[in-house]
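Protein chains get the first letters and strands the later ones, always in sequence-line order, with residue 1 at the start of each. Below, each value reflects all heavy atoms present in this structure, side chains not excepted, and no hydrogens, waters or symmetry copies.
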Number of protein chains: 2
Amino acid sequence: MGMFNSRYECKVDAKGRLALPAKIKAAIPDSNGDQLILRFGDDGCLALYTQVEFKKLLHQINSLSDRDPIQRRIKRGFFESMTDVELDNAGRFLIPKVFLQRAGIDKDAIILGVGSFIEIWSPEKFEANSINDQDELSSLMDQYLS
Amino acid sequence: MGMFNSRYECKVDAKGRLALPAKIKAAIPDSNGDQLILRFGDDGCLALYTQVEFKKLLHQINSLSDRDPIQRRIKRGFFESMTDVELDNAGRFLIPKVFLQRAGIDKDAIILGVGSFIEIWSPEKFEANSINDQDELSSLMDQYLS
DNA sequence: CAAAAAGTGGAGAAAAGTGGGGAAAAGTGG
DNA sequence: CCACTTTTCCCCACTTTTCTCCACTTTTTG
C-alpha cells in the first residue's frame, strides 16, 4: 500500500548503521538503489523520507526568497539538518554521527512508521514524547477529530 | 538529484586550497574540468555556484540600468566580489586570499549545501548566523511556509 | 522441526581526505 | 629584455574513512 506503520525496536551497530525492518523496507516503492532523505525532524527525532515525499517539502523551501535575511536563515537551517542516504544490499544505511548525536541515539533506536514517512527515535525521547495511555489517546482524538 | 545539502566541516590547507566533500562534488553536474563561480555572498559567507546557477544571478544583475548611479554601484560591487575557480584533479580549488580574509576564514571552514548552490563559512560566522535550536526552526518554518 | 528470511558483525578493498615537492607561470625591478 | 622572486598549479604519496561483500546468528514461517 506504500504506507509506513508500526513501531520497531532496532539496533545501531558499531559503524553507525541502521537496518530497516523488513516491513518498512517492503513499503518503500523502489528500495533497491534508491536514495532516501534523512532529516532532523520535529521533537528531537530523525525523519526518513522517500524521494517523492521529500520533494513536496523541498518545493516549499525553494519558494523562500534568497533576498530576505530571515528566509535565508530558514533555508540554511533546513538544508543543514538534512542529508541523503542510500541502503546497502542488506537494507541498512549509515546515519552520520552528527545526526546520531543530535537525536541522542547511541545503540538502541525506535523506528516508527508514520504513514508517508518514517521516524527514528532514541528510546528515551520516544518514551517522553509518546502517549502511553490509550484512554488519553482516545480523549485527544475525540477533541481533535470531528 | 543535483541538489546540494548537508553541513560539512572542512579544512583549508596551507596553500589556501579547499577540498569539496565527495557528496557535494558528486552533485555538481560536470565536476570534471568545469569551472565554478566563487562569490562573496550574503551574511559574510562565500557562495559557490555552478555555471548554470550563476547565469540566473547574472541575468538579474544585467537587468540593472547603466544610466542610474546606484545601480551602477551595485553592478560594480557584484563583479568586484566574484571570481571563477577550477577544481584540481583531487576536487580542490584555490580560494584567493582576499576572499578568505573577507569571509574571516583561516584554517577551518563550514561547507553548506543550500539546494542550488554551496556556501562556505568561517565557523564563527556560521555559528552566529545559523538557527541552533530545532524548535525555533520549526516555528519559523510554520510561519513562513504555507 | 526444518527451511527460509531477517538481522548482525567484521575483514578487506576502495574511495576520500590531506599534505607537500617541484615545475610552470606570473609578477617585479634593474 | 633579462634575471630574480613569488605565486600558482600539477602530480604523487600517505592516512583515514567509507563501502562492499561475505559469513554467521537469530527469528519467523510453513
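Note on B:Ala19: nothing from the nucleic acid sits closer than 4.0 angstrom, heavy atoms only. When heavy atoms are screened at a 4.0 angstrom cut-off, A:Leu20 is found touching the sugar-phosphate backbone but no base atom.
For the pair A:Ser138 (side chain) and A:Gln134 (backbone), a donor-acceptor distance under 3.5 Å is present.
With rounding to whole Å, B:Leu94 atom CG is found 16 Å from D:dC11 atom P. Note: CD1 (A:Ile111) to C1' (C:dG7) measures 12 Å, nearest angstrom. Here the C1' atom of nucleotide D:dT26 and the NZ atom of A:Lys11 are 13 Å apart, to the nearest Å. Taking atom NZ of residue B:Lys97 and atom C1' of nucleotide C:dG27, one finds them 13 Å apart after rounding to whole Å. Protein atom CG of B:Asp84 is 11 Å distant from nucleotide atom P of D:dC9, rounded to whole Å. Summarising the geometry, the separation between CG on B:Asp108 and C1' on C:dT18 is reported as 14 Å, rounded to the nearest angstrom. Counting to the nearest Å, the P atom of D:dT8 and the CD1 atom of B:Ile95 are 13 Å from each other. Rounded to whole angstrom, the span from the CD atom of A:Glu86 across to the P atom of D:dT18 amounts to 15 Å.
In this pair, B:Phe54 and B:Phe78 present their aromatic rings parallel. The plane angle is below 30°, not in the 30 to 60° band.
Pairing for D:dT20 goes to C:dA11, judged as Watson-Crick or G-U wobble with the two contacts each under 3.5 Å. Across all strands shown, the partner of C:dG29 is D:dC2, judged by Watson-Crick or G-U wobble contacts whose two distances both fall under 3.5 Å.
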Give the C-alpha distance, both sets of side-chain angles, the deciding distance and a yes or no for side-chain contact (heavy atoms from CB on, under 4.5 Å) between A:Leu64 and A:Ile74. CA-CA 8 Å; A:Leu64 293 173; A:Ile74 295 172; 3.7 Å; yes
Using the salt bridge (Lys or Arg N to Asp or Glu O under 4.0 Å) rule, take A:Arg72 and B:Asp43 through it: C-alpha gap first, then chi angles, then the decisive distance, then the call. CA-CA 9 Å; A:Arg72 280 200 292 269; B:Asp43 309 309; 2.8 Å; yes
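Applying the 4.0 Å criterion to OP1 and OP2 of D:dC21, one finds that A:Asn89 has a side-chain N or O inside that range.
Linking Ile, Leu, Val, Met, Phe, Trp and Tyr whenever their side-chain heavy atoms come within less than 4.5 Å puts A:Val114 and A:Ile110 in one cluster.
Toward the 5' end of DNA chain D, the nearer of the two residues A:Lys15 and A:Ala90, judged by each one's closest nucleotide, is A:Lys15. Ranked by how close their nearest DNA chain C nucleotide is to the 5' end, A:Arg17 and A:Ala22 are led by A:Ala22.
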